[in-house]
Each structure stands twice: as structure tokens, then as C-alpha cells.
Number of protein chains: 2
Amino acid sequence: MPSTPNTRPGGRTAAVRAAVLDATENALIEDGFAGMDLPAIARAAGVGKTTVYRRWGTPQVLVADLLDQMAGQSVPATRTGDLLADLQANAELVVDTLADPRQGRLFAALIAAATHDRSTRAALDDFYRTRVDEWSQCLADAVDRGDAPTDTDAAEVIRHLSAPLYYRFLTTSSAPTRADAQRSVRATVAALRAGVFADSG
Amino acid sequence: MPSTPNTRPGGRTAAVRAAVLDATENALIEDGFAGMDLPAIARAAGVGKTTVYRRWGTPQVLVADLLDQMAGQSVPATRTGDLLADLQANAELVVDTLADPRQGRLFAALIAAATHDRSTRAALDDFYRTRVDEWSQCLADAVDRGDAPTDTDAAEVIRHLSAPLYYRFLTTSSAPTRADAQRSVRATVAALRAGVFADSG
């Protein structure tokens, strides 16, 4: 029997979730979404197959729950008081994540899964929205300092910063580099200064 | 017997390739890379299963050949003599392609396949390199007119223009729009004017 009378339900539930999502992440990295196998994930997590089927049921639900956990665990955004430094830190975090063999494969698998599964796409959308909102705060700081236009669409700035790095990651054979991060920062700031990210436009 | 004595070998071969690649495209759109089935593709193309196995052998080789065909068939780049108009035409072509239900699913399937298959990634890299080179000519025109810095990395400009549109397509639940195309043009031109795309980096 997997549960014992003296285990708090919350603690037990949380531990099972952590183990299953850890196994889900490994499965995505090793086999991709198409290769996900619930019984194998249950085995790797050390929990009963029935638990995984009852609580999650499908690879889609597992992946959505993993993305929800990832959104909750994200690193706090850098806020140095200098917009260029903040954007550089964000762009370098993106590059380091995508260039990391395990993290890169995880994100590639999540994005690939989202292309053909609507619920994964919605979960990925939520995940990026959370990340973008966190990093958008450095734009609010810049507006407060008078260093960015008051009508700046902060989320659009952060998305513009990530876009060339993800585009390189997904459509070429080479991972994005620190030089790409720096160019993306310079391009984003030039567009910001030119008023391209005004909220109305 | 699929061949007849009075059919020219080149014509017959080209017709078989066209039919098989057409069926490959449909299979990718309908079932994605993971769902590709060579006997079903042969049936849909009206050719023998043995022909498909002998000539292509694997879904990877079929997809690489499809990308090669797509690269050869691409629409000539717009060259109006005005950089903004040229970039706008390119960005709108990207948006219209990604927002088109069939083309959008085809590109999503190709990009997803490239995330977990090295040969598909190399073929996708080649395809985009061809497209980017074609569209880069409008930057050469702009340099000739004195409308862009002489040391402009033209391919990088074109990639920067596409990046926000693909990023939206792949990481959110909404397809890119004409407004996104326009913002990407404005952002790219602002970065170009600021010297961000100088060849030295």
C-alpha cells in the first residue's frame, strides 16, 4: 500500500506530485512527448500506476501540471535599477536555459507537444505569461525612472527580447549564444527608444 | 505495374516524387511527424509501398526531401525599391503562412519534428537559410540606395523580422496578426538604424 496512516495527506500528495512530475520531466527530455508512457513514469516515480492514471490520466494532463509547477518555481527577475543590465540578465537566462542540454531538450519537447495538443498549448501559454509578467517589472522600474515611455507595453518588450533567441533555437542547427543575447538586448532597446512598444500600437 | 515502357524515366520519377511529397505534406498536416506512416503515404500517393521504402526509407528522409522541394518552390522576394515596403511584404507573408490553417500546421509539424530529429533539423536549417537569403536581397538593395549601413548583416535583419512572429506562433495560443507584422517591421528598422545589425556583431 503506498500510503500509511501517519502520513499527512497534503505532505504525501505533494511528495507524490513532486516525484511524478520529476519523472515526467525526465521522460520528456529522454523520449519527447510522443514517447511518454504513463506506467514507465509511475515506475520511475516509485508510485502505483493506478495513482498516476487516477490523478493525471493522460500525458497531456501530466505536462500541463509540470508547466504549472515550472511557472511557480521560476527564478525571480533581475532588477538592478538599470534597464540594459536587467534585459541583459533576462536574455542571458534564456540563452543559458536553451543552451543547457537537459533544459534545452525539455523546452523543445514542451514546444513541440504544444504544436499538436491544444491543452499543452494553453498550459505553455500560461507558463510564458507568468514568466513574461515577472520580467516585465524591470520595464515598470524603467518607466518610474523616466527611462522608458509611460505607455510601454512591457510584456511585448520582454517577448521581443526572447523571440530571436527562441527562433534561432527552433529553426537552426545552432543554439543561441551570449552574442545573440547581447544583440537582442540592443535591438529591443533601440525599438523601445523608437516608440515601437507603445501600448496603443 | 506502375511503369510503362513509353514513359520517360525522369518524368516518371518526378511525378512519383511530387505525389509522394504531396502525400507527405498531407500526413504531416493531419497527423504530425509522430503519426507518419509510410504504407499510408504510398497508398495516398498511388505508388507502391516498395517504391517509397526503397527511395526514401524513413519519415526523416521524406520530410527532408519535402523541405528541399519547399525551398525550391518559394515565392520570389518582394523588391519594391523601398525598404519598409519590402520588409512589410516579408512580415505579412510570414503572418499569412503561419495563420493559414494548413500551412500553419505544416510548419508547426516541421518545427516540432526538428526538435527531436537531427536530420530534420538540418533540413529545416537549409530551408530557412534559402528563404532568408532570398529575402536578404532587399537589404542589399537598401545598402545600394544608401538606406542601410554598408556593413549590415542582411540575413540577421530578416531573421529578426520573422522571430517575433514565430515566437508568438509557437509559444502562445494565438496566431500572429498583421499588427504583429507591422510592429516587427518597425522594431527591425529601429534596430537597423541604431546599427545593431552591423556585420561585426
Side-chain angles (χ1 to χ4, degrees), chain A residues 31-35 104-105 107-118 121-129 131-132 153 156-157 159-174 177 179-180 182-198 201, chain B residues 28 31-35 104-105 107-118 121-129 131-132 153 156-157 159-174 179-180 182-198 201:
Chain A
D31 307 312
F33 184 76
R105 276 158 80 177
F107 276 89
L110 290 167
I111 291 168
T115 63
H116 55 79
D117 180 73
R118 193 177 292 270
R121 176 169 287 251
L124 193 72
D125 189 318
D126 282 348
F127 167 76
Y128 279 112
R129 201 183 302 270
R131 284 280 167 100
V132 166
D153 182 339
E156 205 50 57
V157 177
R159 288 188 187 277
H160 196 84
L161 185 66
S162 282
L165 309 173
Y166 274 88
Y167 183 64
R168 181 164 302 260
F169 177 64
L170 291 166
T171 69
T172 76
S173 293
S174 52
T177 64
D180 294 322
Q182 194 169 18
R183 183 168 47 218
S184 190
V185 170
R186 292 177 61 211
T188 300
V189 170
L192 176 68
R193 301 268 182 259
V196 173
F197 301 117
Chain B
L28 277 171
D31 308 312
F33 184 77
R105 276 158 81 177
F107 277 89
L110 291 167
I111 292 168
T115 63
H116 54 79
D117 180 72
R118 193 177 292 269
R121 175 169 289 251
L124 193 71
D125 189 316
D126 282 348
F127 166 77
Y128 279 112
R129 200 183 303 272
R131 284 282 167 101
V132 166
D153 182 340
E156 204 52 55
V157 177
R159 288 188 186 277
H160 195 84
L161 186 65
S162 281
L165 309 173
Y166 274 88
Y167 184 63
R168 182 164 303 258
F169 178 64
L170 292 166
T171 69
T172 76
S173 293
S174 52
D180 294 323
Q182 194 168 18
R183 184 168 47 219
S184 190
V185 171
R186 293 177 60 210
T188 300
V189 170
L192 176 68
R193 301 268 180 260
V196 173
F197 300 117

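Here is how names work: the chains are called A, B, and so on, in the same order as the sequence lines, proteins then strands, and each is numbered from 1. These numbers come from the heavy atoms of this one structure, side chains and all, not from hydrogens, waters or symmetry mates. In this text the structure is predicted, and so the values were computed from the model without any measurement.
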Greatest number of heavy atom pairs closer than 4.5 Å to chain B - which of A:T188, A:L124, A:T171:
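Result: the option with the highest number of such pairs is A:T171.
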
Against chain B, work out which of A:A187, A:A191, A:A190, A:G32 has the most heavy-atom pairs shorter than 4.5 Å and name it.
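Answer, by heavy-atom pair count under 4.5 Å with chain B: A:A187.
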
Is B:L170 close to A:L170 at the side-chain level, that is, under 4.5 Å between some pair of heavy atoms?
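Yes, at least one pair of side-chain atoms sits under 4.5 Å.
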
Indicate yes or no: at least one non-hydrogen side-chain atom of B:L110 is less than 4.5 angstrom from one of B:F127.
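Heavy-atom side-chain distance check fails, nothing below 4.5 Å.
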
Taking B:R121 for its side chain and A:T172 for its backbone only, find out whether a donor-acceptor pair lies under 3.5 Å.
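Side chain of B:R121 to backbone of A:T172, a donor-acceptor pair under 3.5 Å: yes, one is there.
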
Side-chain (B:S184) to main-chain (B:D180) donor-acceptor, under 3.5 angstrom
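No: the side chain of B:S184 does not pair with the backbone of B:D180.
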
With a 4.5 angstrom heavy-atom cut-off, which part of [X] approaches chain A: side chain, backbone, both or neither?
X      : value
B:F33  : neither
B:R193 : neither
B:Q182 : neither

Examine whether an atom of A:F107 lies under 4.5 Å from a heavy atom of chain B, and if so say whether it belongs to the side chain, the backbone or both; otherwise answer neither.
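Looking at A:F107, nothing touches chain B.
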
With a 4.5 Å cut-off on heavy-atom pairs, point out which of B:R129, B:H116, B:R105, B:H160 contacts chain A the most.
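Ranked by heavy-atom pairs under 4.5 Å with chain A, first place is B:H160.
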
Winner by heavy-atom pair count (cut-off under 4.5 Å) against chain A, out of B:S174, B:A112, B:A194, B:S173
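Highest number of pairs under 4.5 Å: B:S173.
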
Give me the ring orientation class for B:Y166 and B:Y128: parallel if the planes are under 30° apart, tilted from 30 to 60°, perpendicular past 60°.
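Correct class here is perpendicular.
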
Can you tell me how far OG1 of A:T177 sits from CZ of A:R183, rounded to the nearest 0.5 angstrom?
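The CZ atom of A:R183 sits 7.5 Å away from the OG1 atom of A:T177.
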
